[in-house]
Amino acid sequence: KPKWKDIVSRVGKQSERASDRTGRIETAPDDALVEYEQTCRQDHELKLRRTNVTFERTQWVWMNGELLPWSKATTHVSSHALHYGTGVFEGIRCYETENGPALFRLEEHLERFFASAAIHGIEIPFSTDDLTEAMVNVIRENDFSACYVRPICYFGSGSLSLYPRNCAVEVVILAWTWADYLGAEGQ
């Protein structure tokens, strides 16, 4: 696999082709750069296969107090969070146990979720009990025995001024099946 620093020096080399009528000089992709890009793409595809991150089995999403079908859980393109990154999230593993699905360190995750939101000036309009119940419902309705749960909270649409005073706070809980984080070799 070529080293990135070896590629960078070659990227700007001029091609042997003449400049076009506008006087621009064309550059041709260097063989090493093409090889590097192909290797990176193959590595990325391999990582995606290893982690097995898909939403094929996810049918239900909890959004702002309602359990919605996957296709109905949408966010508007004018959401403040999309433009300014004003949102927070947590990642919680749910493991299959003899007693049914179990959320790993849920209390600690929710404590950090609320603390992160407070740092961003986001007041979550639901309690930890509300979010716990929502997560349980999402896992149950999707019929997951083990999954990854992603609570997110962000400023929605309403204003694109720097201070999101007029933006609604959106809270969503999404869950999906996810293979072991490090794959079989990580166990």
Side-chain angles (χ1 to χ4, degrees), residues 41 43-158 164 166-187:
R41 199 171 14 257
D43 288 350
H44 179 69
E45 289 170 3
L46 179 61
K47 286 176 186 171
L48 285 177
R49 282 195 302 273
R50 276 191 195 145
T51 57
N52 194 21
V53 178
T54 67
F55 300 112
E56 293 169 1
R57 292 192 47 220
T58 303
Q59 300 296 313
W60 298 96
V61 175
W62 185 90
M63 187 170 193
N64 300 319
E66 294 182 60
L67 200 58
L68 300 174
W70 170 271
S71 63
K72 301 289 184 190
T74 60
T75 298
H76 197 273
V77 296
S78 67
S79 291
H80 198 273
L82 185 60
H83 293 266
Y84 296 106
T86 50
V88 297
F89 71 92
E90 268 298 312
I92 306 168
R93 288 298 301 220
C94 175
Y95 293 100
E96 182 175 4
T97 71
E98 292 176 3
N99 298 323
L103 289 158
F104 181 73
R105 296 193 175 197
L106 180 59
E107 187 176 316
E108 291 90 341
H109 281 289
L110 285 176
E111 185 178 309
R112 187 171 48 228
F113 184 59
F114 276 83
S116 297
I119 289 169
H120 282 277
I122 302 171
E123 190 173 324
I124 298 175
F126 298 96
S127 69
T128 57
D129 289 342
D130 293 334
L131 296 183
T132 298
E133 182 181 343
M135 287 182 217
V136 168
N137 288 336
V138 167
I139 293 166
R140 183 186 308 120
E141 292 301 316
N142 283 300
D143 197 28
F144 292 149
S145 56
C147 61
Y148 185 81
V149 180
R150 171 68 54 89
I152 60 174
C153 178
Y154 55 92
F155 284 115
S157 186
N166 298 322
C167 298
V169 173
E170 309 280 344
V171 183
V172 179
I173 296 173
L174 173 66
W176 63 90
T177 56
W178 197 352
D180 292 328
Y181 188 67
L182 298 174
E185 62 273 5
Q187 293 184 351

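Atoms considered below: every heavy atom in the structure, side chains included; atoms not considered: hydrogens, waters and symmetry mates.
Rounding to the nearest 0.5 angstrom, the gap separating the OG1 atom in Thr128 from the CD atom in Glu111 is 10.0 Å. To the nearest 0.5 angstrom, Leu103 atom CG is 8.0 Å from Thr132 atom OG1.
The two residues Leu68 and Ala73 come nearest to each other via the heavy atoms CD1-CA, 4.3 Å. Summarising the geometry of Met135 relative to Pro151, their closest heavy-atom pair is CE-CG, 4.1 Å, with the distance given to 0.1 Å. Nearest heavy-atom pair, Val149 versus Cys94, reported as atom, atom and distance to 0.1 Å: CG2-CB, 4.5 Å. Between Gly91 and His109, the shortest heavy-atom distance links the atoms O-CE1, 3.2 Å. Of all heavy-atom pairs spanning Cys147 and Ala175, the tightest one is SG-CB, 4.2 Å. Taking every heavy atom of both residues into account, Phe114 and Ile124 meet most closely at CE2-CB, 3.6 Å.
Between the side chains of Asp130 and Ser127, a donor-acceptor pair is found at a separation under 3.5 Å.
Remark: Glu90 pairs with Arg112 by the salt bridge (charged side-chain N to carboxylate O under 4.0 Å, His left out) rule, at least two apart or across chains.
Looking at Thr97, its side chain does come within 3.5 Å of a backbone N or O of Asn99 through a donor-acceptor pair.
Under the 4.5 Å side-chain criterion, counting only non-hydrogen atoms from C-beta, Ile92 is in contact with Leu106. Using a 4.5 Å cut-off on side-chain heavy atoms (C-beta onward), Val61 and Val138 make no contact. Proximity of Leu131 to Val171: side-chain heavy atoms (C-beta onward) are separated by under 4.5 Å at one or more points. Contact check for Thr58 versus Phe144: side-chain heavy atoms found under the 4.5 Å cut-off.
Sorted by first and then second residue, the side chain to side chain donor-acceptor pair (under 3.5 Å) pairs involving residues 59-70 (not counting sequence neighbours) are Asn64-Glu170. Among residues at least two apart or in separate chains, there is no salt bridge (charged side-chain N to carboxylate O under 4.0 Å, His left out) pair with a member in residues 131-155.
Below 30°, between 30° and 60°, or above 60°: for Phe155 and His80 the angle between ring planes is above 60°, a perpendicular geometry.
The side chain to side chain contact (heavy atoms under 4.5 Å, CB included) test with Tyr154 singles out one residue from Leu82, Val169, Val172, Thr86, and that residue is Val172.
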